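Heads up, the thing below is written out as structure tokens.
In the text below, chain A, chain B and the rest are named by the order of the sequence lines, each starting its count at 1. Treat the numbers as computed from the prediction; the structure is a model and nothing was measured.
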Number of protein chains: 2
Amino acid sequence: MPRKPRQARSRATVNAIVEAGFIAVATHGPTGATTRQIADIAGISVGSLYEYFTNKEAIFKAMSERFVADTVAMIQPLVPELVRKPIRQTILDLLGHFRVFLQENNELYLKCARHAFTMDFEEYLDPVHKLLVDIVMQHLLHNPELTRVRNIPAMIYIFINGGVFAVIRHLSEDNPPISFEALSEGLADMVGHYVSQELSEPSGKITAGPG
Amino acid sequence: MPRKPRQARSRATVNAIVEAGFIAVATHGPTGATTRQIADIAGISVGSLYEYFTNKEAIFKAMSERFVADTVAMIQPLVPELVRKPIRQTILDLLGHFRVFLQENNELYLKCARHAFTMDFEEYLDPVHKLLVDIVMQHLLHNPELTRVRNIPAMIYIFINGGVFAVIRHLSEDNPPISFEALSEGLADMVGHYVSQELSEPSGKITAGPG
DNA sequence: TAGGATTTCCGAATTGAATCCGAACAAGCA
DNA sequence: TGCTTGTTCGGATTCAATTCGGAAATCCTA
């Protein structure tokens, strides 16, 4: 049974384990990363590792939470500025910052995010989802006419689950078939055009009914 | 060193191993699936498994190739019909068929696709990419005015890497925040609106230049 | 269709990583 | 300082991955 750290010393240990986890996974992938490696990098023994984590997966879980928290913390301060810009620019900025974030520390996070599914990152994406919803909501406040755009929740869903992973995959590719700029402008235009088109359509448009 | 099967018997064995792989991964995930399980499900012994596959990862690789080949084989016959329809409908149809495909056999493929990154499915997506490009090209032949749409390669990239994974994730969720219909219509509208908007813009539009 | 060559299959043995556990060490406190 | 609780350690155990030396099936040819 894993224990809760009480003293500063053990809290530092837990922290070191999570950070060592990122390094080990970035270097050897989630399968290749061994608990011994993680312990070595963290400068502790394997035994200590199991004091705080049930198993290797629990370390991955902590890493996921850390990653998501760091992502949110990275974006949060940008929000006030972002919500004032036109949609297209907001998205370009978001993607640009996300790229830098992923590539920091010799691509530490990027190399881990690549294996996101393995480590169930997705199950912890909720805070990111909430943040995006928040940004959209504030956008709506600044631009009330956008309220006419249909299907905003679906757009957010697609953007998070599709856009973000498209970016992660793109940055992980050795020879991507398109440039990062083409990708991010594609995403920005896709959303931007969607909104423009929605706004240019008669507001009472009815889509296929049930049945 | 893995051997090439020569007789029908061993070809059946290899096939059984790959299919057992899908079942094992669908049931226990790529980490939880053991070679013994796979061998048991395939009705052979562990030893035989290593006659044809260097290691567990090689089995995953074969599974990825099979999955991609099956996906292409599923879509291919639909192409002639798809390329005649309006874009929005083409996408809705594609996604609908893809959904059925993933959910067949008690969601066998869906449960595996969820772990796509772990098993490096992405590295084998090329045939799917080519197929989509083909569909788009044929669309262009039927609707020459679409040639004015910019950034088509980026759209395809986003659609494959974003759209497809958004769908896979959505179908894997217990309580998705939006319905599948909302998701697929969102994707269809996103592409459809993008195209409409592009066509409604003056053709010589210049985006930011280099530097 | 017997006998040897080739291919396929088998499962106990080996290897190495994940995890456990009881002893040793450090910190907090009286 | 003596006692209690928190923390660390690393050898021992367990279990999955992979190997290997034949046994069994199939093929081929006389």
Side-chain angles (χ1 to χ4, degrees), chain A residues 1-64 111-112 115 118-120, chain B residues 1-64 111-112 115 118-120:
Chain A
M1 69 227 88
R3 204 149 40 72
K4 280 267 179 293
R6 319 241 162 169
Q7 306 176 355
R9 181 165 58 134
S10 55
R11 255 172 280 132
T13 299
V14 170
N15 191 51
I17 293 171
V18 174
E19 288 181 358
F22 279 113
I23 296 173
V25 169
T27 314
H28 304 97
T31 312
T34 73
T35 50
R36 196 169 301 274
Q37 280 166 18
I38 295 176
D40 284 350
I41 296 171
I44 60 165
S45 84
V46 258
S48 305
L49 194 151
Y50 284 92
E51 293 290 332
Y52 305 103
F53 297 96
T54 315
N55 49 35
K56 203 163 71 160
E57 211 160 285
I59 300 175
F60 291 166
K61 175 181 155 140
M63 288 164 59
S64 299
K111 286 172 185 161
C112 293
H115 303 283
T118 311
M119 298 191 287
D120 294 325
Chain B
M1 68 225 89
R3 207 150 38 73
K4 279 267 180 293
R6 320 242 163 167
Q7 307 175 355
R9 181 165 60 133
S10 55
R11 254 172 279 133
T13 298
V14 169
N15 191 51
I17 293 171
V18 174
E19 290 182 355
F22 280 112
I23 295 172
V25 169
T27 313
H28 304 97
T31 312
T34 73
T35 51
R36 195 168 302 273
Q37 280 165 19
I38 295 175
D40 284 350
I41 296 171
I44 59 165
S45 84
V46 258
S48 305
L49 193 152
Y50 284 91
E51 293 289 336
Y52 306 102
F53 297 97
T54 316
N55 51 34
K56 200 161 74 160
E57 210 161 288
I59 300 176
F60 291 166
K61 175 181 155 140
M63 288 164 58
S64 300
K111 287 171 184 162
C112 293
H115 304 282
T118 310
M119 299 192 286
D120 294 324

Review point. In residues 6-13 of chain A, what residues come within less than 4.0 Å of DNA chain C, judged by heavy atoms?
Key: A:Gln7, A:Arg9

Determine yes or no for a side-chain-to-main-chain donor-acceptor pair under 3.5 angstrom, with [X] supplying the side chain and [Y] the backbone.
{"X": "A:Ser10", "Y": "A:Thr13", "answer": "no"}
{"X": "A:Arg11", "Y": "A:Arg6", "answer": "yes"}
{"X": "B:Lys56", "Y": "B:Ala33", "answer": "yes"}
{"X": "B:Ser64", "Y": "B:Phe60", "answer": "yes"}
{"X": "B:Thr27", "Y": "B:Ile23", "answer": "yes"}

Point to revise | Closest-nucleotide 5' rank along DNA chain C - winner of B:Lys4 and A:Asn55 | key: B:Lys4

In whole angstroms, how far is the [atom2] atom of [N] from the [atom1] atom of [X]?
{"X": "A:Phe53", "N": "D:dT7", "atom1": "CZ", "atom2": "P", "value": "13 Å"}
{"X": "A:Arg36", "N": "D:dC9", "atom1": "CZ", "atom2": "P", "value": "13 Å"}
{"X": "B:Ile17", "N": "D:dT18", "atom1": "CD1", "atom2": "C1'", "value": "14 Å"}

Review point. Hey, does the side-chain of B:Glu51 have a donor or acceptor N/O within less than 3.5 Å of a partner on the base of C:dC10?
Key: yes

Contact under 4.0 Å: [X] side-chain N or O vs [N] OP1/OP2:
{"X": "A:Thr34", "N": "C:dA17", "answer": "no"}
{"X": "A:Arg3", "N": "D:dT7", "answer": "yes"}
{"X": "B:Thr35", "N": "D:dA17", "answer": "yes"}

Point to revise | Nucleotide nearest B:Tyr50 (side chain, heavy atoms from C-beta), chosen from C:dT19, D:dT18, C:dT8 | key: D:dT18

Practice item. May I ask you to say what A:Tyr52 touches in the nucleic acid, namely base, sugar-phosphate or nothing, with a heavy-atom cut-off under 4.0 Å? Key: sugar-phosphate

Review point. Base, sugar-phosphate, or nothing: which does A:Ala33 touch, judged by heavy atoms less than 4.0 Å apart?
Key: sugar-phosphate

Point to revise | Gap between atom CE of B:Met63 and atom NE2 of B:His115 - 0.5 Å precision | key: 10.0 Å

Exercise for review: Find the distance between NE2 (B:His28) and CD1 (B:Ile38) and round it off to the nearest 0.5 Å.
Suggested key: 10.5 Å

Revision key, fill the gap. By salt bridge (Lys or Arg N to Asp or Glu O under 4.0 Å), B:Glu19 pairs with (sequence neighbours left out) B:Arg66

Check your understanding: Which of residues 39-49 of chain A sit near DNA chain D, with a heavy atom under 4.0 Å from it?
Key -> A:Ile44, A:Ser45, A:Gly47, A:Ser48

**Study point:** Exercise: identify the closest heavy-atom pair between A:Ile59 and A:Phe53
**Key:** CG1-CG, 3.6 Å

